[in-house]
Peer 1: 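Sharing a structure with you now.
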Amino acid sequence: MKEGEIAVGDIVRYPSTGTTGRVVALENIPDEGTGIGGIYATLDSTGLRYRIDKLIRAEAVAEKQVREEFSDLDRLKRAEDMNAKDISDAFDNVNGVGAG
């Protein structure tokens, strides 16, 4: 996006990471020989600044899914309920995501 195409309150996405949020502030940071000067937008979702030329408009901010919390006792019960076949099936379904 270019200067003037983004305003406080706009919903934007940073495509490199998929971070989406509402712009809460715009700040012009002088270059001062660093090569990183420009106009930056601060997003409510992270509190971080992103160069506005690296942002794209988004329709809405996705709701964060809340993970269900299990107590240690619940985890122990679930582990005890698993048998060798369940464990074998789980390893058979590994897809390699995250493998180096």
Peer 1: Quick check: do Thr19 and Thr46 have side-chain heavy atoms less than 4.5 Å from each other?
Peer 2: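 They are in side-chain contact.
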Peer 1: Which atom pair, heavy atoms only, marks the closest approach of Ser45 to Gly21?
Peer 2: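 Scanning both residues completely, I find the closest heavy atoms to be OG-CA, 3.7 Å.
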Peer 1: Would you compute the distance between atom OG1 of Thr42 and atom CD of Glu27 and round it to the nearest 0.5 angstrom?
Peer 2: 6.5 Å
Peer 1: Do Leu43 and Val24 come within less than 4.5 Å of each other through their side chains, counting heavy atoms only?
Peer 2: no
Peer 1: Report the distance from atom CG of Leu55 to atom CD1 of Ile11, rounding to the nearest 0.5 Å.
Peer 2: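 With rounding to 0.5 Å, CG (Leu55) is 13.0 Å from CD1 (Ile11).
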Peer 1: Over all heavy atoms of both residues, which pair between Ala7 and Leu26 is shortest? Give the atoms and the distance, please.
Peer 2: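 So the two residues come closest at CA-CD1, 4.1 Å.
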Peer 1: Could you grab the distance from atom NZ of Lys54 to atom CZ of Arg13, nearest 0.5 Å is fine?
Peer 2: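 The NZ atom of Lys54 sits 14.5 Å away from the CZ atom of Arg13.
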Peer 1: Could you check whether Arg57 pairs with Asp10 (Lys NZ or Arg NE/NH1/NH2 to Asp/Glu carboxylate O, under 4.0 Å)?
Peer 2: yes
Peer 1: Side-chain contact, heavy-atom cut-off 4.5 Å: Val12 with Thr20?
Peer 2: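 SC-SC contact between Val12 and Thr20 ruled out.
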Peer 1: Name all residues meeting the ring pair (Phe, Tyr, Trp, His ring centres under 6.0 Å) criterion together with Tyr40; count only those two or more places apart in sequence or in a different chain, and write none if there are none.
Peer 2: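 Once residues adjacent in sequence are excluded, Tyr40 has no partner under the ring pair (Phe, Tyr, Trp, His ring centres under 6.0 Å) criterion.
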Peer 1: Treat each ILVMFWY residue as a node, draw an edge where side-chain heavy atoms are under 4.5 Å apart, and state whether Ile29 and Ile39 are in one component.
Peer 2: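 Shared cluster, no.
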